[in-house]
Amino acid sequence: MTPKGDTEPPKGRPKDPRVDTALLDAAIEVLNESGWAAFTTTAVARRAGASTASLYRRWPSKQALAGAVARHIALDELGGIDTGSLEGDLRELLSSKRRLLENATGPALLSLMGQAPHDEELRRILHDDVYAVVRAQLESLIAQAVTRGELEAPLDASRLDVLTLVLVGATVARSVFLARPGEVDAGTVETELHLLLAALPRGGEGERTPGGISPQG
């Protein structure tokens with residue numbers, strides 16, 4: 001008797017990861033060049049040299065595609081940080097955020113975040129694919145610091161929420177009020193680092209500012 005799996009036809013052609021990459025790259029290019037107003041599944045598929053059917057097999061709407069773009073950008077730049085110290089980890093997190101804004105993906109991400117208040121589906125997707133990713137990464141860095149003994153306990157949820165909003169919100173505010181993404185300098189990263197460390201309850205050795213200088217001395 002032939003096994004059932006040998007007689008059933010395949011349920012669909014396997015997705016080609018090269019098409020995924022081409023579509024994400026095309027989506028970033030369309031967002032960079034024209035912003036959200038011209039961001040359509042047709043424009044992205046045409047740019048990628050793929051069919052809209054291929055795109056919809058992966059993402060059911062342009063909002064879902066935008067979320068995939070945002071998550072791709074966030075995870076690519078912000079994941080896997082472990083320098084061996086809390087200060088080093090936070091500095092690398094902030095430097096990664098700076099690199100994210102300086103490269104070709106920066107304008108695309110800012111365009112999506114600017115549109116989110118006007119599109120509930122996009123707002124929900126960006127909450128999951130940007131805010132939640134940044135929050136999880138910050139929570140991971142805090143957990144690493146607790147394990148090393150640099151912090152006595154993890155942050156409570158409300159403080160973690162606020163620090164995540166500060167990290168993300170500073171990026172948006174700077175792009176609107178102060179500078180273009182590529183103009184963020186190393187001094188700004190250090191200033192943000194000082195503020196973040198000051199907001200963390202660091203007992204004993206933690207009562208030191210970046211560079212190892214205690215507030216009293």
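Both backbone and side-chain heavy atoms feed into the values below; hydrogens, waters and symmetry mates do not.
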Trainee: Given side chains that start at C-beta, do those of Leu112 and Trp36 come closer than 4.5 Å, heavy atoms only?
Mentor: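 Of all side-chain heavy-atom pairs linking Trp36 with Leu112, at least one is under 4.5 Å.
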Trainee: Determine whether Tyr56 and Val44 fall in the same hydrophobic cluster, where Ile, Leu, Val, Met, Phe, Trp and Tyr are linked whenever their side-chain heavy atoms lie under 4.5 Å apart.
Mentor: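 Yes, same cluster.
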Trainee: Indicate whether the side chain of Ser96 and that of Glu92 have a donor and an acceptor atom separated by less than 3.5 Å.
Mentor: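 Yes, because at least one side-chain N or O of Ser96 sits under 3.5 Å from a partner of the opposite role on Glu92.
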Trainee: Closest heavy-atom contact between Ala38 and Ala43?
Mentor: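 Closest approach of Ala38 to Ala43: O-CB, 4.0 Å.
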Trainee: Any chance you could measure Gln144, atom CD, to Glu139, atom CD, to the nearest 0.5 Å?
Mentor: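 The CD atom of Gln144 sits 11.5 Å away from the CD atom of Glu139.
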Trainee: Using atom types as modelled and distance alone, determine if a side-chain donor or acceptor of Ser140 lies under 3.5 Å from a backbone N or O of Ala136.
Mentor: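 The answer is no, because no donor-acceptor pair under 3.5 Å joins these two groups.
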Trainee: Can you measure from CG (Leu31) to CD1 (Ile28) and round to the nearest 0.5 angstrom?
Mentor: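 If I round to the nearest 0.5 Å, the distance is 8.0 Å.
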Trainee: Please report the shortest heavy-atom distance between Ala66 and Leu122, naming the atom on each side.
Mentor: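 For Ala66 and Leu122, the tightest heavy-atom pair comes out as CB-CD1, 3.8 Å.
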Trainee: What is the minimum heavy-atom distance between Gly67 and Asp129, and which atoms define it?
Mentor: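 The pair with the smallest heavy-atom distance is O-OD2, 3.2 Å.
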Trainee: Do Glu190 and Arg91 make a side-chain contact, defined as non-hydrogen atoms from C-beta onward lying under 4.5 Å apart?
Mentor: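 A side-chain contact exists here, since the closest heavy-atom pair is under 4.5 Å.
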Trainee: Taking all non-hydrogen atoms of both residues, which atom of Pro107 and which atom of Asn32 are closest, and how far apart?
Mentor: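 Heavy atoms of Pro107 and Asn32 come nearest at CB-OD1, 3.4 Å.
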Trainee: Where is the tightest heavy-atom contact between Ala68 and Trp59, given as atom of each residue plus distance?
Mentor: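 In terms of heavy atoms, the two residues are closest at CB-NE1, 3.3 Å.
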Trainee: Could you tell me whether Asp89 and Arg148 have a side-chain N and a carboxylate O separated by less than 4.0 Å?
Mentor: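 Yes, charged N to carboxylate O under 4.0 Å.
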Trainee: Can you check whether Leu200 reaches Leu86 side chain to side chain, under 4.5 Å on heavy atoms?
Mentor: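 Yes, at least one pair of side-chain atoms sits under 4.5 Å.
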Trainee: Arg58 and side chain to side chain contact (heavy atoms under 4.5 Å, CB included): which partner among Leu65, Leu24, Val19?
Mentor: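 It is Val19, the one option of Leu65, Leu24, Val19 that forms the side chain to side chain contact (heavy atoms under 4.5 Å, CB included) with Arg58.
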Trainee: Applying a strict under-4.5 Å side-chain criterion to I, L, V, M, F, W and Y, I'd like to know whether Leu163 and Leu151 cluster together.
Mentor: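 In one cluster with Leu163: Leu151, yes.
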Trainee: If you apply the rule side-chain contact (heavy atoms from CB on, under 4.5 Å), what do you find for Leu138 with Leu155, and how did you get there?
Mentor: CA-CA 10 Å; Leu138 183 57; Leu155 294 184; 5.6 Å; no
Trainee: To the nearest 0.5 Å, how far apart are CD in Glu150 and CG in Leu197?
Mentor: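 Answer for the CD-CG pair, Glu150 versus Leu197, is 9.5 Å.
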Trainee: Hey, is the main chain of Val133 close enough, under 3.5 Å, to the side chain of Arg71 for a donor-acceptor pair?
Mentor: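 Between the backbone of Val133 and the side chain of Arg71 there is no qualifying donor-acceptor contact (under 3.5 Å).
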Trainee: Starting at CG of Leu160, measure out to CZ of Arg135 and round the result to the nearest 0.5 Å.
Mentor: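 The distance works out to 4.0 Å.
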Trainee: Hey, is Arg124 close enough to Glu120 for a salt bridge, meaning N to O under 4.0 Å?
Mentor: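 Looking at Arg124 and Glu120, the cut-off is not met.
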Trainee: Return the minimal non-hydrogen interatomic distance between Val69 and Ala27, and the atom names on each side.
Mentor: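 So the two residues come closest at CG2-CB, 3.6 Å.
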Trainee: Under a 3.5 Å distance rule, please check whether Gln63 uses its side chain to pair with a backbone N or O of Glu121 as donor and acceptor.
Mentor: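 No; zero donor-acceptor contacts below 3.5 Å.
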Trainee: Would you say Leu141 and Val130 are hydrophobically clustered, going by side-chain heavy atoms of ILVMFWY under 4.5 Å?
Mentor: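 Yes.
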Trainee: Side chains of Leu90 and Ile81, heavy atoms from C-beta outward: is any pair under 4.5 Å?
Mentor: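 Contact flag for Leu90/Ile81 side chains = no.
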Trainee: Could you state the interatomic distance from OG1 (Thr42) to NZ (Lys62), rounded to the nearest 0.5 Å?
Mentor: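 If I round to the nearest 0.5 Å, the distance is 10.5 Å.
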Trainee: Rounded to the nearest 0.5 Å, what separation is found between the CG atom of Asp20 and the CZ atom of Arg57?
Mentor: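 With rounding to 0.5 Å, CG (Asp20) is 9.5 Å from CZ (Arg57).
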Trainee: Using side-chain heavy atoms (C-beta onward) and a distance below 4.5 Å, is Leu196 in contact with Leu93?
Mentor: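 They are not in contact (no side-chain heavy atoms under 4.5 Å apart), so the answer is no.
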Trainee: With the 4.5 Å side-chain cut-off for hydrophobic clustering, are Ile125 and Phe39 part of the same group?
Mentor: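 In one cluster with Ile125: Phe39, no.
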Trainee: Under 4.5 Å between any side-chain heavy atoms of Met113 and Val168, yes or no?
Mentor: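 Met113 vs Val168: side chains touch.
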